[in-house]
Amino acid sequence: MILGIESSCDDSAIAIIKSDTLEVVFEKKLSQDDEHSKYGGVVPELASRLHAEALPKILQDAKAFLPNIKAVAVTSEPGLVITLLEGITMAKTLSVCLGVPLIGINHLMGHIYSLFINKSAEFPIGVLIASGGHTQLMQIDGYNCGKIWAKTLDDSVGEAFDKCAKMMNLGYPGGPLIEKAAKDGNENAYNFTLPLMGPKAAFSYSGIKNAVRLLVEQGADKNDLAASFQKVAVAHLLDKTERFLKDTKLKKFAVVGGVSANSYLREKLLKLCAKYGVELLAPDMKYSMDNAVMIARAGVDAYNLGFALKDAISLEPKATSDIFVLNN
Ligand code: KG4
Ligand code: ZN
């Protein structure tokens with residue numbers, strides 16, 4: 001069995017997967033949304049302290065499985081260094097105490113493996129990662145192997161959802177709250193300019209965010225604003241995804257990351273993929289957001305491919321990640 005630990009942001013999670021059958025035998029996550037919501041966003045020091053309390057509690061519940069663990073996989077990059085450190089410290093301790101190897105997992109690769117819970121991985125595949133930390137279109141050719149086709153020049157799409165929700169006094173995390181408010185709003189009430197129109201392979205959300213700020217100041221209706229914002233935020237993802245599909249001609253495409261929990265985005269992507277005869281994959285809703293099952297699942301393939309570290313103590317957290325090389 002492979003044990004996975006996730007602590008890159010504000011979710012403390014541990015999961016265990018059987019490496020031969022890929023069966024998930026243990027999973028538990030403690031989210032910190034309530035603690036951070038009063039600040040309107042994640043406070044790193046608070047998150048780190050809450051991980052230090054939550055992770056040992058979760059591990060206690062997984063105790064019976066520890067004698068069967070053959071490797072420990074932990075998110076080591078990218079993320080908040082002081083929160084990553086909590087997971088890494090626990091992973092190093094387990095690795096030494098159980099006498100098993102340690103595997104550092106790239107959080108983005110983890111999100112990609114959220115597609116392959118209980119099943120074999122399929123590559124090559126086009127991937128849109130839409131999360132609080134990232135907005136990227138990538139071609140993934142295998143474990144830790146791929147190239148970036150487009151990334152954001154400023155904010156990520158999840159960050160735009162969160163910041164706009166904060167400006168609109170909806171709460172945190174903003175994504176699900178904007179989606180909910182949008183259901184009662186008119187998406188054509190306010191017109192936003194689509195960012196970076198044209199062939200440039202990049203995303204940008206700062207212009208939309210500023211336009212929302214101005215509309216809030218002018219007293220715009222919250223539901224109409226939520227719907228209009230969601231429409232343009234998703235339209236920008238679709239515009240670049242369409243160019244990516246035409247350019248790469250990949251026959252499989254997936255959306256992962258927290259924003260992939262958005263039903264409006266999933267519906268629109270399904271239509272776009274159908275237009276190009278592309279199969280759309282998406283994680284189970286419960287694995288869209290950060291979790292440790294995806295980390296343990298990536299750990300299974302990493303272990304089988306020989307990525308386990310011989311020197312567990314050398315693993316360090318990193319805020320940014322350079323595994324994928326930029327292709328443009
Ligand atoms: O993948 P994730 O859990 O954490 C990161 O790795 O960043 O993504 C969190 C992001 C947050 O910005 C949250 O607002 C967004 O995912 N999100 C959504 C929805 N659910 C979560 N955005 C739009 N619609 C949703 N339903
Ligand atoms: Zn994530």
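Read the numbers this way: they start at 1 and go in the same order the structure lists the ligands and their atoms. Index from 1, following the sequence.
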Query raised in the report: Of the options Q139, K147, M138, which is the one that meets T248 in a side-chain contact (heavy atoms from CB on, under 4.5 Å)?
Result: Q139
**Report entry** Joint hydrophobic cluster, I295 plus V293, side-chain heavy atoms closer than 4.5 Å
**Finding:** yes
Query - Per atom 20 (N) of ligand 1, closest listed option by heavy atom (S288, G258, S31) - result: G258
Report summary line: among protein heavy atoms, the one nearest atom 24 (N) of ligand 1 is N262 ND2, 3.0 Å
**Report entry** Polar contact flag for G133 and ligand 1 (N/O pairs, less than 3.5 Å)
**Finding:** yes
Query raised in the report: What atoms of ligand 1 come closer than 4.0 angstrom to any heavy atom of G158?
Result: 12 (O)
Query raised in the report: For Q230, is the nearest heavy atom under 4.0 Å from an atom of ligand 1?
Result: no
Query raised in the report: Is the closest heavy-atom distance from P176 to ligand 1 below 4.0 Å?
Result: yes
Query raised in the report: Is it true that the side chains of S12 and K29 contain a donor and an acceptor less than 3.5 Å apart?
Result: no
Query raised in the report: What do we get for E179 next to ligand 1 when only non-hydrogen atoms under 4.0 Å count, side chain, backbone, both or neither?
Result: side chain
**Report entry** Y276 atom OH, over 12 foreign heavy atoms within 6.0 Å
**Finding:** yes
**Report entry** side-chain hydrogen bond (donor to acceptor under 3.5 Å, both in side chains) evaluation trace for S288 with R266
**Finding:** CA-CA 12 Å; S288 288; R266 284 194 181 204; 3.1 Å; yes
**Report entry** Transitive ILVMFWY side-chain link L98 to I58, under 4.5 Å
**Finding:** yes
**Report entry** Side chain, backbone, both or neither: the part of H111 lying under 4.0 Å from ligand 1 by heavy atom
**Finding:** side chain
**Report entry** Considering only N, O or S atoms of D290, the one closest to the Zn ion (ligand 2)
**Finding:** OD1
Query raised in the report: Quick one: does G132 get an N or O within less than 3.5 Å of an N or O on ligand 1?
Result: yes
Requested in this report: Look at atom 3 (O) of ligand 1 and say which protein heavy atom is nearest, naming residue and atom and giving the distance to 0.1 Å.
Outcome: D290 N, 3.0 Å
Query raised in the report: Taking distance alone, with no angle check, do P173 and ligand 1 share an N/O pair under 3.5 Å?
Result: no
Report task. Report yes or no: do D10 and H51 form a side-chain donor-acceptor pair below 3.5 Å? Result -> no
**Report entry** Salt-bridge contact R243-D239 (side-chain N to carboxylate O under 4.0 Å)
**Finding:** yes
Requested in this report: Give a yes/no verdict on whether any heavy atom in H107 is under 4.0 Å from an atom of ligand 1.
Outcome: yes
Query raised in the report: Polar-atom distance check: D11 versus ligand 1, any N or O pair below 3.5 Å?
Result: no
Report task. Report yes or no: does C9 have an N/O/S atom closer than 2.8 Å to the Zn ion (ligand 2)? Result -> no
Report summary line: Residue, atom and distance of the protein heavy atom nearest atom 12 (O) of ligand 1 read D162 OD2, 2.7 Å
Query - Residue selection (non-hydrogen contact nearest atom 18 (C) of ligand 1) among G175, S263, G110 - result: G175
Query raised in the report: Does any N, O or S atom of H107, backbone or side chain, fall under 2.8 Å from the Zn ion (ligand 2)?
Result: yes
**Report entry** Donor on one side chain, acceptor on other, D34 and Q32, under 3.5 Å
**Finding:** no
Report task. Would you mind telling me which of E179, Q230, K231, E187 makes a side chain to side chain donor-acceptor pair (under 3.5 Å) with Y264? Result -> E187
Requested in this report: For the pair H236 and F203, name the ring-plane relationship: parallel under 30°, tilted 30 to 60°, perpendicular over 60°.
Outcome: perpendicular
